[in-house]
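This report refers to the structure that appears directly beneath it.
Below, all heavy atoms of this structure are taken into account, side chains as well, without hydrogens, waters or symmetry copies. Counting convention: from 1, in listed order, for ligands and their atoms alike.
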Amino acid sequence: MAERIKILDVPVDAMTMQEAVDTITSRTLAGEQTFVVTANAEIIMMCQENATYNDIVSNKADIVLPDGAGAVWAGRHKGYKVPERVAGFDLYKNLLDQGRKQGMKSYFFGGSPTIADIAKTKVEELYPGVEVVGTHNGYFKDEDVPGIIEDINNSGADYLFIALGAPKQENWIMANKDKLKCKLFMGIGGSFDVLAGKMERAPKWMQDASLEWLFRLYKQPSRFMRMMALPKFALKVIFSK
Ligand code: UDP
């Protein structure tokens, strides 16, 4: 069993990527529902500032994974053994890859119109045999939600990947999980955009050098204010008990 550590009071499961994939797969095969949050520094900071969101991540999610160099650094800085970073985008792809061998079906929900469909085509190329049984864009009105839920349930999807950005995706999962038959609920931020080529991921060397944040800032300078959460996070970790 991976250790459940705390980063700024937010529980994080210090699993490897493989442990995360195996745990989610076996829970799904056992018919259990799993709500996964890949918690990066920005999400952990949102938890400090928003009690409702903190309650969702800290008490309602079943598995919280250390996504991003900041979360891994913070855990290690506090003396915990954090084996590796489990990035949401990589976990999403690994689950699709592993899931196709077990006949798991997925539904892609989120992103601007057509992006989820492009992501579906892309993963079908990457992982032949993968079953993406439905898609829906992420720009909808409250009155559309019952129809979206019906579409997801009728699709027979096991895995629901939701790309609405944090905190919207986790809030949506929390509000609607009980009406859904899927086994996995996971927010994946801008992952469909990356697959569709609308957004680029940092080169491997930058990821390895813990510089993915710098790449994102260079590509999307408009993220500057959002990224101010990172130094705030680091200072808070350093000065926390
Ligand atoms: N998005 C959406 N509906 C919304 C707001 C955002 O579908 O109401 C999508 C948006 O198109 C983008 C993703 O959510 O694809 C958010 O990406 P972001 O880069 O903010 O996520 P991160 O990876 O940083 O969590």
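Among residues at least two apart or in separate chains, side chain to side chain donor-acceptor pair (under 3.5 Å) pairs with a member in residues 163-190 are Tyr53-Glu170, Asn176-Lys179.
Under the 4.0 Å criterion applied to side-chain N and carboxylate O atoms, Glu124 and Lys120 are assigned as salt-bridge partners. The pair Asp9-Lys236 fails the salt-bridge criterion, with no side-chain N (NZ, NE, NH1 or NH2) lying under 4.0 Å from an Asp/Glu carboxylate O.
No hydrogens or angles considered: a donor-acceptor pair under 3.5 Å links the side chains of Tyr107 and Asp151.
A heavy-atom cutoff of 4.0 Å around ligand 1 is satisfied by the protein residues Gly110, Gly111, Ser112, Gly138, Tyr139, Ala163, Leu164, Gly165, Lys168, Gly189, Gly190, Asp193, Arg216, Arg223, Arg226.
A 4.5 Å side-chain heavy-atom check between Asp67 and Val86 finds every atom pair outside the cut-off.
Using cut-offs of 30° and 60° for the angle between ring planes, the Phe140 and Phe109 rings count as tilted.
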